Amino acid sequence: MRSQSGAKRSSARLFGSMTGIAAILAIVYWLIESYAHARFTGTPFIDNLFTKDLSLIGERFAFLVIMIAFAGFYVSAAWREKVKVDRVARADEIKGKVGEKLRDNLQQIPLSKQLATIHVNVPLKLKPEDLVPAPPDVVALKKLAEALEIRSLLRVVEETTGAAAEAPATEAKDVAEQPALITGEAGDDASAPPVRLPDPVTRHYETIFTAEQFAAWLILIENAELVAFDTETTSLNYMEAEIVGLSFGLAEGRAAYLPVAHRYVGAPEQLDRGVVLARLKPWLENADAQKVGHHLKYDAHVLANYGIRLAGMRYDSMLESYVLDSTATRHDMDSVARKYLGLDTIHFEDVAGKGAKQITFDQVSVEKAAEYAAEDADITLRLHHALWPKLEAIPGLTRLYDTIEQPLVPVLTRMEETGVLVDTRLLRAMSGEFAGKMAALEKEAHNEAGHPFNISSPKQLQEVLYNELKLPVTQYTPTKQPSTNEDALAELADQHRLPQLILDYRSLSKLKSTYTDKLPEQVCARTGRIHTSYHQAVAATGRLSSSDPNLQNIPIRTAEGRRIRQAFIPKPGCTLLAADYSQIELRIMAHLSEDEGLLKAFAEDRDVHQATAAEVFGVALEDVTTDQRRSAKAINFGLIYGMSAFGLARQLGIARDEAQKYVELYFARYPGVKAYMDRTRTQAREQGYVETVFGRRLYLPDIQARQQSRRQYAERSAINAPMQGTAADIIKKAMISVDHWLLQGSTGAEIIMQVHDELVLEVPTPVLAAVQQNVTRLMAAAADLRVPLKVDAGHGANWDEAH
DNA sequence: GTGGCGTCC
DNA sequence: CAGAGGGACGCCACT
């Protein structure tokens with residue numbers, strides 16, 4: 001308060017003096033200007049001083065205004081600076097006071113009490129073990145356990161401290177015996193309006209400020225069977241995030257927030273982050289200490305920034321939600337709590353604001369933060385209690401969770417943390433090259449159009465192509481607008497030069513904006529590498545997705561595009577190894593359909609597209625033409641995606657009835673496939689879901705839809721999901737076993753990327769052969785299907801070469 | 001924020 | 001008779 005009003009006073013003074021100076025300057029200017037004008041025109045000075053010439057007056061007033069504007073600008077800048085200085089002074093003041101207080105306390109109180117006064121700005125040289133008072137304050141601990149109303153934990157406290165059990169004055173109730181929580185009433189009914197957690201009936205949240213409180217909670221945490229755990233940080237970017245606080249949930253409604261790095265003027269004294277983390281480290285790294293979290297991979301990352309390898313990540317409510325129903329669009333805690341608990345949680349934006357005004361979590365008041373963070377841990381535990389029984393009711397899903405999704409978490413964490421090295425110089429050089437070519441193409445395109453226009457605006461392009469040049473419209477967008485997409489432009493290419501120019505421009509523009517410009521920006525300053533994020537709960541089929549940057553859509557199809565891959569390089573002394581499953585989805589189709597012909601083709605390790613062509617076109621294997629093979633390939637992929645004869649015709653540029661003939665021929669030669677497709681559709685209709693080989697479920701509510709387009713969409717998903725999903729399961733299993741093998745040995749090789757059917761590793765060159773052999777072996781052994789899994793592997797000095 | 005387009009498997 | 005290819009992420013223009 002005091003410093004603020006002081007600042008206001010001094011700013012008023014500053015403003016006053018600046019306006020004064022501005023006024024004086026303006027008057028001086030007026031005098032000089034009058035004198036100069038008098039000399040120039042030979043008129044009397046006094047006439048010029050009090051001139052009636054409006055333009056002259058206007059000019060001088062304009063100058064006055066500019067003067068004052070400058071003064072104002074200066075004042076506001078000075079004001080901001082002043083506020084900053086005041087803030088620092090205030091922080092120093094607090095620091096000094098806390099220091100004094102500490103010195104006083106040193107004389108009178110025990111060490112544990114001293115720690116209570118640690119301010120975040122006062123680093124103390126303390127060892128983590130100093131934080132546990134020895135012996136623990138039994139009375140305080142018992143009080144805490146009683147306050148928590150958790151009898152089992154009270155017992156633990158008593159046993160741990162060796163104190164005689166003494167019945168509390170009022171009998172503490174076990175949580176299980178509590179009156180029905182509001183959560184119990186919500187049940188599965190997602191339509192029930194969410195309710196806020198009532199307070200204090202079902203909640204008892206604490207904020208840990210003192211060493212004694214921390215010591216007490218440590219005993220509780222270290223002895224609990226399962227602890228909900230969450231971190232609060234300064235950033236969503238896991239490589240930059242700093243820990244601001246930690247929260248722990250022990251039972252439903254019983255949670256604590258431990259703030260360690262809230263930094264704002266007037267922030268309460270907090271325990272030191274370094275000391276707290278060092279003391280928690282053994283528990284965090286203990287694989288037997290089971291934790292439940294929501295998106296634990298993130299917490300694992302931020303702890304890794306402090307040298308802590310989070311272990312014991314037994315349950316993740318985000319993944320539980322995903323495994324239970326992967327079709328849900330979102331699996332963030334707010335959505336899942338609303339859906340399964342009927343609870344409306346405090347949102348991050350409620351405490352930190354949103355948009356440009358959003359503050360980082362260390363600026364959030366400890367009171368607000370504690371409420372939010374403790375609730376997070378609490379809700380996580382409640383979610384686990386709600387979701388796990390649902391999962392356990394379906395053995396296939398429990399197995400999927402335990403053997404695939406959960407063990408995959410540390411693998412992904414390691415991959416992301418390792419990151420990928422990219423040659424930024426090469427990318428920048430390519431950007432320059434592309435820019436030159438694009439400028440030339442743009443100029444030509446404007447010439448062809450007869451006037452300049454925004455070449456990358458589909459709307460303007462549509463106007464030019466279809467209204468001005470009167471080219472025929474062949475394709476429409478979903479909103480019934482004439483399309484300017486690749487197919488449409490390609491069809492117009494023989495009628496006019498412009499479409500081809502646009503196509504060339506677009507392809508370069510895409511490469512430049514998405515890859516050669518963006519990738520260098522994404523290099524982490526600390527590691528010099530790119531750290532993507534793999535999302536484990538996004539794709540409905542079970543696939544991973546990647547973002548920031550997306551490393552799963554790096555170009556490969558065109559020669560120009562492939563050059564981007566040349567910028568993905570190993571670190572010195574290493575080689576990139578790329579291993580991918582050959583035709584994995586078709587092999588899965590063979591497995592699922594048990595079609596004899598298809599099984600045989602794979603058993604004999606045939607080129608499956610060639611074999612398909614031979615069957616469909618009735619020619620010998622060696623007589624299959626390139627064109628026939630291409631058609632067969634289109635049929636094969638079309639089948640995987642549930643494509644119709646219409647789509648196939650369009651894809652191949654043939655008549656619809658001809659495409660229909662191919663499809664019929666295919667089904668005649670591979671009757672098992674036809675039967676499987678029918679079976680799958682029926683199953684989807686009857687059960688409402690389809691399954692992968694490993695039990696992953698994909699629910700298809702639209703399979704019963706009245707609206708034909710929705711129903712057909714669901715049917716295509718039903719056909720595609722078991723194949724795409726099984727492939728996803730298989731590579732996930734492979735990642736787990738490859739990672740396991742790498743951890744056992746000492747090759748120094750690391751998995752650095754996954755692209756749906758491909759793994760990329762960075763391998764020390766001397767051990768390349770051994771790693772390649774074992775990675776190939778482990779990937780092929782990831783599943784035991786009716787057909788062998790084939791893995792192709794290559795290596796090189798960049799990702800392009802490795803293929 | 002939405003639509004159009006384009007990249008990958 | 002209309003609509004007729006699964007799953008992602010990201011950039012740009014436009015509102």
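Just so it is clear, the structure is predicted and the values come from calculations on it, not from any experiment. First the proteins, then the strands, lettered A, B, ... as listed; each starts at 1.
For the pair A:S545 and C:dC9, the criterion of a side-chain N or O lying under 4.0 Å from OP1 or OP2 is met. OP1 or OP2 of C:dG6 sits under 4.0 Å from a side-chain N or O of A:R716. Note on A:N553: every side-chain N or O is 4.0 Å or more away from OP1 and OP2 of B:dG6. Not one side-chain nitrogen or oxygen of A:R650 sits closer than 4.0 Å to the OP1 or OP2 atom of C:dA4. Contact check, A:T484 against B:dC5: a side-chain N or O comes under 4.0 Å of OP1 or OP2. Here A:Y534 does not reach the OP1 or OP2 of C:dC9: none of its side-chain N or O atoms lies under 4.0 Å away. Using a 4.0 Å cut-off, some side-chain N or O of A:K459 falls inside it from OP1 or OP2 of C:dT15. Residue A:S644 places none of its side-chain N or O atoms closer than 4.0 Å to OP1 or OP2 of C:dG3. The side chain of A:R543 places no N or O atom within less than 4.0 Å of a non-bridging phosphate oxygen (OP1 or OP2) of C:dG7. Distances shorter than 4.0 Å separate none of the side-chain N or O atoms of A:S709 from OP1 or OP2 on C:dG3.
For A:Q712 and C:dG3, the CD to P distance is 11 Å, given to the nearest whole Å. A:D517 has its CG atom 11 Å from the C1' atom of C:dC11, to the nearest Å. Spacing between atom CD1 of A:I584 and atom P of B:dC8 amounts to 20 Å, rounded to whole angstrom units. For A:N485 and C:dC11, the CG to C1' distance is 16 Å, given to the nearest whole Å. At whole-Å resolution of the value, OH in A:Y641 and P in C:dG6 are 10 Å apart. One can place NZ of A:K510 at 9 Å from C1' of C:dC12, the figure rounded to the nearest angstrom. When rounded to the nearest whole Å, the span between CE of A:M643 and C1' of C:dG3 equals 15 Å. Atom pair A:I554:CD1 and C:dG10:P shows a separation of 11 Å (rounding to whole Å applied).
In this structure, the nucleotide among C:dG10, C:dA13, B:dG6 sitting nearest to the side chain of A:N454 is C:dA13. Of the candidate nucleotides C:dA8, B:dC8, C:dA4, C:dA4 has the atom lying nearest to any side-chain atom of A:R656. When distances run from any side-chain atom of A:F646 to the nucleotides B:dC8, C:dA4, B:dG6, the shortest one goes to C:dA4. In this structure, of B:dC8, C:dG6, B:dC5, it is B:dC5 that holds the atom nearest to the side chain of A:R506. Checking C:dC12, B:dT7, B:dC9 against the side-chain heavy atoms of A:S513 singles out C:dC12 as nearest. Relative to the side chain of A:N550, the nucleotides C:dC9, C:dG7, B:dG6 differ in distance, and C:dC9 lies closest. The A:V755 side chain lies nearest to B:dC9 when the options are B:dT7, B:dC9, C:dC9.
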task: Dump the intermediate steps for side-chain hydrogen bond (donor to acceptor under 3.5 Å, both in side chains) on A:H535 and A:S547, then the final yes or no.
output: CA-CA 8 Å; A:H535 309 286; A:S547 72; 2.6 Å; yes
message: Evaluate A:R711 against A:D702 for salt bridge (charged side-chain N to carboxylate O under 4.0 Å, His left out), listing each step before the verdict.
response: CA-CA 5 Å; A:R711 193 175 62 246; A:D702 276 357; over 6 Å; no
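Remark: aromatic rings of A:Y322 and A:H295 are distant, center separation not under 6.0 Å. Ring centers of A:Y666 and A:Y670: under 6.0 Å apart, within the cut-off.
Residue contacts for A:S483: at a heavy-atom cut-off of 4.0 Å it reaches the sugar-phosphate backbone alone, with no base atom in range. Heavy atoms of A:R711 sit nowhere under 4.0 angstrom from any nucleic acid atom. Note on A:Q460: only backbone sugar-phosphate atoms sit closer than 4.0 angstrom, heavy atoms only; bases stay farther off. As judged by a 4.0 angstrom heavy-atom cut-off over every strand, A:G638 is placed among residues making no nucleic acid contact. Looking at heavy-atom distances under 4.0 Å, A:A727 makes no contact with the nucleic acid at all. Residue contacts shown for A:Q708 include a base, since a base heavy atom lies under 4.0 Å away. Heavy atoms of A:L648 sit nowhere under 4.0 angstrom from any nucleic acid atom.
Salt-bridge formation is detected for the pair A:K674/A:D678: a Lys NZ or Arg NE/NH1/NH2 atom is positioned less than 4.0 Å from an Asp or Glu carboxylate oxygen.
A donor N or O paired with an acceptor N or O is not found under 3.5 Å between the base of C:dG7 and the side-chain atoms of A:Q724.
Remark on DNA chain C: of its neighbouring residues A:G642 and A:T514, the 5'-side contact belongs to A:G642, judged by nearest-heavy-atom nucleotide.
Nucleotides B:dG4 and C:dA4 have their P atoms positioned 15 Å apart, rounded to a whole Å.
Between the side chains of A:S546 and A:Q552, not a single donor N or O lies within less than 3.5 Å of an accepting N or O. There is a side-chain donor-acceptor pair under 3.5 Å between A:E405 and A:Q536. Side-chain contact, A:S235 with A:N237: no donor N or O sits under 3.5 Å from an acceptor N or O.
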